[in-house]
Visitor: 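Just dropping this structure here.
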Amino acid sequence: MEMTEEGQRSQQIEQENLYYAACVNGWIQTRMERDKSLLTLSAAAIPVLMGALSLAAIDTIGEKLLIASSLVSFTTCLFTVVRIFQKNADYFESLAKNETPTPLKHLDGWAFWSFAAGVGFVLILGAHQICQAIF
């Protein structure tokens, strides 16, 4: 039994839609995993840094400023990712209603760069601590 040209075209469109849906789903899942990772790592870094503040080895103003800066950065990342999760629902609701959704790209940037800044401050603190121990 041969398919008509219209039937073949319909099947091709259905396959393209399935492929598109799978690609979109994969992209969403990848982005969500990234956000979940940033959330988890930031949430873990905050108590570790609070514990580091109580160490006797952290005694200079510069070291305390580095820890405070990293705490602010990780906390910013934490709240930004939570905001992204809240806004995702609004985003998909807008799409379902055929409305123009508000882009979340700026929030993604805030989450990534605040996390990166926190890591940078921790690395600088670690390098400073190593230099103090060696010299």
Side-chain angles (χ1 to χ4, degrees):
M1 217 182 195
E2 287 187 35
M3 283 188 137
T4 64
E5 188 174 315
E6 185 178 313
Q8 288 176 343
R9 179 67 184 143
S10 174
Q11 185 178 18
Q12 181 181 4
I13 289 171
E14 184 177 331
Q15 287 176 342
E16 288 172 2
N17 286 340
L18 288 172
Y19 175 77
Y20 178 75
C23 288
V24 168
N25 187 44
W27 178 82
I28 290 170
Q29 292 304 318
T30 300
R31 295 298 284 230
M32 293 296 283
E33 284 303 317
R34 179 183 151 236
D35 290 340
K36 288 178 193 175
S37 297
L38 291 176
L39 180 74
T40 302
L41 292 170
S42 293
I46 292 169
V48 169
L49 289 167
M50 294 300 288
L53 274 174
S54 66
L55 293 175
I58 306 293
D59 55 358
T60 67
I61 295 294
E63 292 168 337
K64 289 178 182 177
L65 283 174
L66 284 170
I67 288 182
S69 298
S70 60
L71 280 170
V72 168
S73 296
F74 287 127
T75 303
T76 300
C77 179
L78 194 71
F79 283 110
T80 303
V81 171
V82 169
R83 184 73 177 144
I84 287 170
F85 289 150
Q86 290 171 341
K87 292 300 247 175
N88 275 342
D90 297 339
Y91 185 85
F92 290 119
E93 190 176 314
S94 295
L95 286 177
K97 293 179 180 179
N98 288 328
E99 298 172 353
T100 304
T102 304
L104 301 173
K105 198 167 200 79
H106 69 285
L107 288 175
D108 284 333
W110 270 99
F112 175 78
W113 289 110
S114 61
F115 180 80
V119 170
F121 291 130
V122 169
L123 289 175
I124 292 168
L125 177 65
H128 180 265
Q129 289 286 314
I130 289 171
C131 288
Q132 273 189 328
I134 292 174
F135 302 111

Visitor: Please test E33 against K36 for salt bridge (Lys or Arg N to Asp or Glu O under 4.0 Å), starting from the C-alpha separation and ending with a verdict.
Guide: CA-CA 5 Å; E33 284 303 317; K36 288 178 193 175; 3.5 Å; yes
Visitor: Do L125 and L123 share a hydrophobic cluster, counting only Ile, Leu, Val, Met, Phe, Trp and Tyr and linking them when any side-chain heavy atoms are less than 4.5 Å apart?
Guide: yes
Visitor: Provide the closest heavy-atom pair for F74 versus G118 in the form atom of the first, atom of the second, distance.
Guide: CZ-C, 3.5 Å
Visitor: Is it the case that more than 12 heavy atoms not belonging to M32 sit under 6.0 Å from its CE atom?
Guide: yes
Visitor: How long is the span from the CD1 atom in I84 to the SG atom in C77, to the nearest 0.5 Å?
Guide: 8.0 Å
Visitor: Take atom CD of E16 as the centre, draw a 6.0 Å sphere, and report whether it contains more than 12 heavy atoms from other residues, nucleotides or ligands.
Guide: yes
Visitor: Just checking E99: does its CD atom have more than 12 heavy atoms from other residues, nucleotides or ligands closer to it than 6.0 angstrom?
Guide: yes
Visitor: Quick one, E14 and Q11 - any side-chain contact, counting heavy atoms below 4.5 Å?
Guide: no
Visitor: Nearest 0.5 angstrom please: L107 CG to Q86 CD, how far?
Guide: 10.0 Å
Visitor: Hey, could you give me the CG/NZ distance between L71 and K64, rounded to the nearest 0.5 Å?
Guide: 13.0 Å
Visitor: Side chains of L66 and I58: does their closest heavy-atom pair fall under 4.5 Å?
Guide: no
Visitor: Has T80 got a side-chain atom pairing as donor or acceptor with A111's backbone, closer than 3.5 angstrom?
Guide: no
Visitor: Find out whether F121 and I67 are in side-chain contact, i.e. whether some heavy atom of one side chain is under 4.5 Å from a heavy atom of the other.
Guide: no
Visitor: For the CG atom of N17 and the CD atom of Q12, what is their distance to the nearest 0.5 Å?
Guide: 10.5 Å
Visitor: Counting N and O atoms only, with roles assigned by atom type, does the side chain of S73 sit under 3.5 Å from a partner on the main chain of S69, one being a donor and the other an acceptor?
Guide: yes
Visitor: Any chance you could lay out the side-chain contact (heavy atoms from CB on, under 4.5 Å) test for T75 and F79, step after step, and finish with the verdict?
Guide: CA-CA 6 Å; T75 303; F79 283 110; 3.4 Å; yes
Visitor: Under the 3.5 angstrom rule, does the side chain of T40 hit a backbone N or O of S37 as a donor-acceptor pair?
Guide: no
Visitor: Under 4.5 Å between side-chain heavy atoms, counting indirect links through other Ile/Leu/Val/Met/Phe/Trp/Tyr residues: same cluster for F115 and F112 or not?
Guide: no
Visitor: Report whether V82 and W110 are members of the same hydrophobic cluster (ILVMFWY, side-chain heavy atoms less than 4.5 Å apart, transitive linking).
Guide: no
Visitor: Between F85 and L39, is any pair of side-chain heavy atoms under 4.5 Å apart?
Guide: yes
Visitor: Treating S54 as the side-chain partner and G51 as the backbone partner, does any N or O pair qualify as donor plus acceptor under 3.5 Å?
Guide: yes
Visitor: Assigning hydrophobic clusters by single linkage (Ile, Leu, Val, Met, Phe, Trp, Tyr; side-chain heavy-atom cutoff under 4.5 Å), is L41 placed with V72?
Guide: no
Visitor: Looking at every non-hydrogen atom in both residues, tell me the closest pair between E63 and D59 and how far apart they are.
Guide: OE1-N, 3.0 Å
Visitor: Quick check on the hydrophobic clustering: are L65 and V48 connected, directly or via other members, by side-chain heavy-atom contacts under 4.5 Å?
Guide: no
Visitor: Give the minimum heavy-atom separation between A44 and P47, together with the two atoms involved.
Guide: O-CD, 3.3 Å
